[in-house]
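Below is one structure; the comments refer to it alone.
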Number of protein chains: 2
Amino acid sequence: MKNRNVGHGRKDGTLKQRAIETAAGMFVDAGYNGISMREISESLGVSKAALYYHFKDKQDLMVAILESYLERMESLFESDISQGRNCREQITRLVTLIFAQPPQQRAVMRLASQEMGNLDPEIREEFGRTYHRKFIRRIKSILQTGVSRGEIKLMDTASATWVLLGMMYPFFYPGSANSERDATRLVDQILTIFFDGADSRARRQDPGA
Amino acid sequence: MKNRNVGHGRKDGTLKQRAIETAAGMFVDAGYNGISMREISESLGVSKAALYYHFKDKQDLMVAILESYLERMESLFESDISQGRNCREQITRLVTLIFAQPPQQRAVMRLASQEMGNLDPEIREEFGRTYHRKFIRRIKSILQTGVSRGEIKLMDTASATWVLLGMMYPFFYPGSANSERDATRLVDQILTIFFDGADSRARRQDPGA
DNA sequence: CCTACCGATCGGTAGG
DNA sequence: CCTACCGATCGGTAGG
């Protein structure tokens with residue numbers, strides 16, 4: 001279980017990592033149920049049994065993909081974002097970084113919410129908790145601090161977090177904002193709406209400019 | 001195709017309609033691939049063959065569910081919403097009506113975007129066009145009018161439409177805003193953020209109140 | 001010859 | 001890590 005060194009000087013962990021990346025791409029394109037373990041193994045040039053050596057079952061592979069992505073998301077918080085000077089700047093950094101990822105990588109976020117229903121209830125709940133702890137909680141915390149500092153309107157920060165994530169969600173689909181130029185514009189529009197609103201009577205990002 | 005009165009005084013079309021409603025509920029709970037035609041037919045108390053009499057295949061049943069929902073959405077536009085006096089009021093009516101639906105019915109919207117990848121490319125594209133024509137286009141049009149009237153900031157209304165829909169999306173999952181009280185608060189928060197922004201320096205819905 | 005179904009089973013493929 | 005398979009179940013269709 002501990003996945004110990006098999007020795008022999010071979011490159012261990014290589015197939016496992018390749019499998020996570022390859023399968024992620026295939027699941028993103030065709031959905032969890034749209035891709036079979038056979039197809040994944042063929043893409044990797046190994047047998048199905050080889051896959052089952054590294055992953056207990058299909059679900060286990062899926063969870064590994066999601067956890068791998070979550071870890072990358074977590075690292076975003078620990079580097080750039082926390083250095084933002086206030087709530088707005090921290091959220092701006094977060095959204096910018098998310099859209100700075102390659103589209104296919106962003107799509108894993110959609111994969112997570114879309115296919116979580118295919119996981120066993122226990123696994124789903126455990127992953128849900130990890131997701132909350134490593135991602136949702138951080139965003140909520142930024143908004144909460146913003147509220148207590150008076151930077152953000154007094155509101156329910158839990159649902160506001162979901163609203164913010166929801167605003168990005170449609171653009172996690174392939175074909176949305178693939179160019180860097182589109183992404184930049186989109187990030188700008190999302191942040192403007194979230195902080196300043198769409199109403200023309202609301203303040204603009206650069207007042208008087 | 002017209003499927004009309006066959007006479008004899010029997011209740012025609014009953015099973016077909018029941019199947020659409022029952023399957024919609026099951027798909028919402030377990031996903032398109034999580035429910036078999038056998039399970040659906042058993043829930044209806046009929047044979048699988050009976051289902052296949054009314055629907056060419058599983059996909060055909062799915063499309064019928066989505067189209068049935070789209071028609072209901074379309075009717076929203078033709079009654080209440082268009083009577084809104086300006087952009088903000090029309091969008092407010094739209095969002096309010098969407099959240100006034102029972103949660104399980106709202107969830108069909110999530111089902112549509114979530115499981116569209118399981119449809120054949122041709123079918124998917126055709127449904128995508130209908131979805132755009134009956135729903136997306138209408139929202140975009142409201143925003144567009146708002147922009148040209150100066151009620152809404154100058155922005156890309158296509159992506160703004162997706163942003164607005166995205167804000168609602170997380171609450172189309174079961175367990176989100178099930179009570180009427182939650183729904184009311186949520187609608188309020190979504191509309192406030194969309195029009196006025198979360199920033200405390202932005203205008204409030206009732207200035208000075 | 002129509003409609004609205006049923007009991008039984010098909011060929012093919014899934015995860016393991 | 002592979003070859004060789006399995007038990008179960010899938011969506012779909014036969015004749016009547």
Side-chain angles (χ1 to χ4, degrees), chain A residues 1-20 22-23 26-27 29-65 115 117-124, chain B residues 1-20 22-24 26-27 30-65 115 117-124:
Chain A
M1 285 292 190
K2 286 292 174 63
N3 203 0
R4 69 283 185 263
N5 275 326
V6 194
H8 290 86
R10 304 226 191 92
K11 293 185 228 158
D12 298 315
T14 299
L15 177 62
K16 183 162 188 174
Q17 194 51 44
R18 274 208 308 141
I20 289 176
T22 302
M26 297 177 81
F27 285 149
D29 289 340
Y32 180 70
N33 284 296
I35 294 291
S36 68
M37 291 295 266
R38 179 184 53 81
E39 290 173 297
I40 295 169
S41 67
E42 281 175 2
S43 272
L44 291 163
V46 299
S47 74
K48 218 168 30 145
L51 262 186
Y52 277 95
Y53 175 80
H54 292 287
F55 307 98
K56 185 172 135 278
D57 50 28
K58 195 185 186 187
Q59 172 176 260
D60 192 39
L61 169 55
M62 181 64 163
V63 169
I65 292 170
E115 311 283 11
N118 294 111
L119 272 42
D120 285 343
E122 310 154 33
I123 306 286
R124 176 166 63 233
Chain B
M1 282 296 189
K2 288 295 174 60
N3 206 0
R4 303 244 315 122
N5 279 326
V6 195
H8 290 84
R10 304 225 190 92
K11 292 186 227 160
D12 299 314
T14 299
L15 177 62
K16 185 162 188 174
Q17 195 49 46
R18 274 209 306 142
I20 290 177
T22 302
M26 297 176 82
F27 284 148
Y32 180 70
N33 284 295
I35 293 293
S36 67
M37 291 295 265
R38 179 184 54 81
E39 290 173 297
I40 295 169
S41 66
E42 279 175 2
S43 273
L44 290 163
V46 299
S47 74
K48 219 172 24 146
L51 260 187
Y52 277 95
Y53 175 80
H54 292 288
F55 306 98
K56 185 173 136 280
D57 50 28
K58 195 186 186 185
Q59 172 176 261
D60 192 40
L61 169 56
M62 182 63 163
V63 170
I65 291 170
E115 310 283 10
N118 292 113
L119 272 42
D120 284 343
E122 312 154 32
I123 306 286
R124 175 167 62 233

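Here is how names work: the chains are called A, B, and so on, in the same order as the sequence lines, proteins then strands, and each is numbered from 1. All values below come from the heavy atoms of this structure, side chains included, with hydrogens, waters and symmetry mates left out.
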B:Lys56 NZ to D:dT13 P: how many Å, rounded? 8 Å

Checking all strands, does A:Ala49 fall into the base, sugar-phosphate, or nothing category for heavy-atom contacts under 4.0 angstrom? base

Quick one: which of D:dG11, C:dC6, D:dC1 gets closest to the side chain of B:Ala50? C:dC6

Output the rounded distance in Å from CE (A:Met62) to P (C:dG16). 14 Å

Output the distance between atom CZ (A:Arg38) and atom NZ (A:Lys48), rounded to the nearest 0.5 Å. 8.0 Å

Which nucleotide sits closest to the side chain of A:His54: D:dC2, C:dG15, D:dC1? D:dC1

Identify the heavy atoms of A:Asp57 and A:Tyr52 that sit nearest to each other, and give their distance. CA-CE2, 3.7 Å

Rounded to whole angstroms, how far apart are NZ on A:Lys16 and P on D:dC1? 13 Å

In whole angstroms, the gap separating C1' of C:dT3 from CG of B:Leu15 amounts to 13 Å

Same-atom distance (P) from C:dG16 to D:dA4, integer angstrom: 22 Å

Using whole Å, report how far CD1 of B:Ile35 lies from P of D:dG11. 10 Å

Is any side-chain heavy atom of B:Glu115 closer than 4.5 Å to one of B:Phe27? no

Quick one: B:Tyr53 OH to C:dA4 P, roughly how many Å, whole number? 4 Å

Less than 4.0 angstrom between a side-chain N/O of B:Tyr52 and OP1 or OP2 of D:dG12, yes or no? yes

Identify whether any heavy atom of A:Ser36 sits under 4.0 Å from a base atom; if not, whether one sits that close to sugar-phosphate; answer base, sugar-phosphate or nothing. sugar-phosphate

Determine the contact category for A:Leu61: base if any of its heavy atoms lies under 4.0 Å from a base atom, sugar-phosphate if only primed atoms, P, OP1 or OP2 are that close, otherwise nothing. nothing

Of all the nucleotides listed (C:dC6, D:dC2, D:dG11), which has the minimum atom distance to the side chain of A:Val46? D:dC2

Can you check the A:Arg38 CZ to C:dG12 C1' distance for me, whole Å? 11 Å

What integer distance in Å separates A:Glu39:CD from C:dT13:P? 11 Å

Nearest to the side chain of B:Lys58 - D:dG11, D:dC2, C:dG15? D:dG11

Main-chain N/O of A:Gln59 paired with A:Tyr32 side-chain donor or acceptor, under 3.5 Å: yes

Considering every strand and a 4.0 Å limit on heavy-atom distances, what is the contact class for A:Ile40: base, sugar-phosphate, or nothing? nothing

For atom C1', what is the distance between C:dA8 and D:dG12, given to the nearest Å? 13 Å

Ignoring hydrogens and angles, are the base of D:dG11 and the side chain of B:Lys48 linked by a donor-acceptor pair under 3.5 Å? yes

For B:Ala23 and B:Leu61, which heavy atoms make the closest approach, and how far apart are they? CB-CD2, 3.9 Å

